[in-house]
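See below for the structure under consideration.
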Amino acid sequence: MTTTFITGANKSLGYETARRLIEAGHTVIVGARDPQRGKAAADVLGAGFVQIDVTDDASVDAAADDIAAREGGIDVLINNAGVFGPHLPAEQLTAADASTVFEVNVVGIVRVTHAFLPLLRKSASPVIVNVSSGMGSFTLTHDAGRIEGRNLAPLYTASKAAVTMLTTQYAKSWPEVKVNAVDPGYTATDFNGHSGPQTVTEGTDAIVALATIGADGPTGTFSDRHGELGW
């Protein structure tokens with residue numbers, strides 16, 4: 001049985017990813033900052049639950065210890081927790097705004113991955129999926145024909161560019177672990193007031209695909225539901 005831990009899994013993409021992986025036969029542990037919402041989501045899904053705040057060392061370490069005691073280890077880590085940050089013109093963005101966004105979207109991945117890597121190394125086929133965004137792609141944000149090239153979000157886009165680079169560096173550092181980044185695409189979620197044209201099922205296609213690869217699967221890639229993307 002494949003054991004999968006997902007951060008930020010009490011709603012939207014994380015919740016749908018959990019639902020689909022449970023359907024595929026995974027034992028899923030839902031991670032969420034809010035214990036009431038997280039436990040409620042896990043109960044509906046038939047998943048395990050652990051409270052985790054990806055910005056807090058003690059919370060992340062406690063979550064890792066909890067899962068280690070409960071499961072022994074994990075096979076798949078999905079770093080899904082993320083924030084968009086303030087919807088402000090670039091000139092109004094502050095260093096404090098940047099710290100908030102990067103603390104969740106980038107430092108949070110480092111913090112969680114560091115804590116959970118020993119649990120992943122107990123697996124015969126360990127996998128990490130980092131939920132990034134096409135908004136962090138230099139290729140896509142320079143294409144005026146795509147929505148990524150028409151929207152401005154300096155802090156979010158910069159943080160997601162960092163996520164994709166972090167992914168490639170982790171993949172090179174740990175050849176025994178499959179580490180990939182995914183772009184869910186413009187999906188109807190709380191992030192965009194449910195304005196995206198994709199359903200959450202479509203938005204989780206790439207996440208689920210990369211979470212279910214075998215030992216011969218790819219590593220160090222960046223893709224959406226249609227295939228690999230330009231960086």
Side-chain angles (χ1 to χ4, degrees), residues 2-10 13-14 17-18 21 26-33 38 48-83 99-133 136 156 158-184 206-213 215 217-223 231:
T2 300
T3 301
T4 299
F5 176 55
I6 310 171
T7 64
N10 63 292
L13 293 171
T17 299
L21 290 177
H26 287 215
T27 295
V28 172
I29 301 165
V30 166
R33 184 175 55 180
F49 169 70
V50 66
Q51 192 275 337
I52 186 169
D53 179 346
V54 302
T55 69
D56 182 81
D57 286 340
S59 174
V60 172
D61 289 343
D65 289 343
D66 185 337
I67 294 173
R70 194 188 316 178
E71 304 291 341
I74 62 171
D75 302 287
V76 182
L77 169 63
I78 302 177
N79 286 307
N80 171 71
V83 297
S99 294
T100 298
V101 173
F102 275 76
E103 183 66 27
V104 177
N105 293 359
V106 184
V107 181
I109 288 180
V110 175
R111 183 176 285 113
V112 172
T113 303
H114 173 76
F116 280 82
L117 188 60
L119 278 71
L120 281 164
R121 283 185 162 145
K122 295 181 179 182
S123 172
S125 299
V127 170
I128 298 173
V129 180
N130 293 327
V131 179
S132 188
S133 171
Y156 179 75
S159 74
K160 291 302 186 178
V163 170
T164 53
M165 179 57 75
L166 186 63
T167 298
T168 65
Q169 293 296 301
Y170 278 165
K172 290 179 180 180
S173 299
W174 309 319
E176 75 281 10
V177 183
K178 305 298 183 184
V179 190
N180 294 285
V182 299
D183 168 28
I207 303 173
V208 171
L210 270 299
T212 54
I213 57 175
T219 192
T221 67
F222 177 41
S223 61
W231 296 84

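Note that the structure is predicted; figures quoted are calculated from it, not measured.
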> Taking only residues two or more places apart in sequence or in another chain, which ones pass side-chain hydrogen bond (donor to acceptor under 3.5 Å, both in side chains) with S133?
Replying inline: none

>> Show the nearest heavy-atom pair for residues V179 and A171, with the distance to one decimal.
In response: O-CB, 3.9 Å

> Which heavy atom in P126 sits nearest to a heavy atom in A124, and how many Å separate them?
Replying inline: CD-C, 3.7 Å

> Of all residues at least two apart in sequence or in a different chain, which pass the side-chain hydrogen bond (donor to acceptor under 3.5 Å, both in side chains) check with T221?
Replying inline: N180

> How would you list, by chain and number, every residue that makes a side-chain hydrogen bond (donor to acceptor under 3.5 Å, both in side chains) with T3, sequence neighbours excluded?
Replying inline: none

> Which residue pairs pass the salt bridge (Lys or Arg N to Asp or Glu O under 4.0 Å) test when at least one of the two sits in residues 63-77, sequence neighbours left out?
Replying inline: D66-R70

> F49: what forms a ring-ring contact (aromatic ring centres under 6.0 Å, His included) with it, not counting sequence neighbours?
Replying inline: none

> Once you round to the nearest 0.5 Å, how far does CG of L77 lie from CG of L117?
Replying inline: 9.0 Å

> Heavy atoms, side chains only, cut-off 4.5 Å: are V131 and I78 in contact?
Replying inline: yes

> Any side-chain heavy atom of P218 within less than 4.5 Å of one from L210?
Replying inline: yes

>> According to ring pair (Phe, Tyr, Trp, His ring centres under 6.0 Å), does anything in residues 111-132 pair up with another residue at least two apart or in another chain? List the pairs.
In response: F5-F116

>> Show every salt bridge (Lys or Arg N to Asp or Glu O under 4.0 Å) that has at least one partner inside residues 165-179, sequence neighbours left out.
In response: R121-E176

> For V76 and L21, what are the C-alpha separation, side-chain angles and deciding distance, and is it a side-chain contact (heavy atoms from CB on, under 4.5 Å)?
Replying inline: CA-CA 11 Å; V76 182; L21 290 177; 5.7 Å; no

>> Please give me the minimum heavy-atom distance between L119 and A68, naming the atom from each residue.
In response: CD2-N, 3.8 Å

>> Once side-chain hydrogen bond (donor to acceptor under 3.5 Å, both in side chains) is applied, do any residues pair with T164, and if so which ones, sequence neighbours excluded?
In response: none

> Under the salt bridge (Lys or Arg N to Asp or Glu O under 4.0 Å) rule, what pairs show up with a residue in residues 48-61, not counting sequence neighbours?
Replying inline: D57-R111

>> Within this structure, what is the OG1-CD1 distance for the pair T2 and I74, rounded to the nearest 0.5 Å?
In response: 11.5 Å

> side chain to side chain contact (heavy atoms under 4.5 Å, CB included) with A18: which residues, sequence neighbours excluded?
Replying inline: I6, V28, V30, L45

> N80 side chain to G8 main-chain N or O, any donor-acceptor pair under 3.5 Å?
Replying inline: yes

> Taking only residues two or more places apart in sequence, or in another chain, which ones meet A81 in a side chain to side chain contact (heavy atoms under 4.5 Å, CB included)?
Replying inline: T7, V54

> Which pair of non-hydrogen atoms, one from S159 and one from V106, has the smallest distance, and what is that distance?
Replying inline: O-CG2, 3.4 Å

>> Quick check: do T4 and T17 have side-chain heavy atoms less than 4.5 Å from each other?
In response: no

>> So, taking the atom named OH in Y170 and the one named OG1 in T113, what distance separates them when rounded to the nearest 0.5 Å?
In response: 5.0 Å

>> Tell me the closest heavy-atom pair linking A64 and A115, and the distance in Å.
In response: CB-O, 3.8 Å

>> If the test is side chain to side chain contact (heavy atoms under 4.5 Å, CB included), which one of V129, N130, T212 qualifies with I207?
In response: V129

> Can you tell me how far CH2 of W174 sits from CD of Q169, rounded to the nearest 0.5 angstrom?
Replying inline: 10.5 Å

> Can you name the residues that form a side chain to side chain contact (heavy atoms under 4.5 Å, CB included) with N10, not counting sequence neighbours?
Replying inline: A32, R37, A41

> Within a strict 4.5 Å, meaning less than it, do heavy atoms of the V163 and T167 side chains meet?
Replying inline: yes

> For the residue pair A63 and Q51, what are the closest heavy atoms and their distance?
Replying inline: CB-O, 3.8 Å

>> Could you measure the distance from the OG atom of S132 to the CG atom of N79? Nearest 0.5 Å is fine.
In response: 11.5 Å

> To the nearest 0.5 Å, how far apart are CG in D183 and NZ in K160?
Replying inline: 9.5 Å

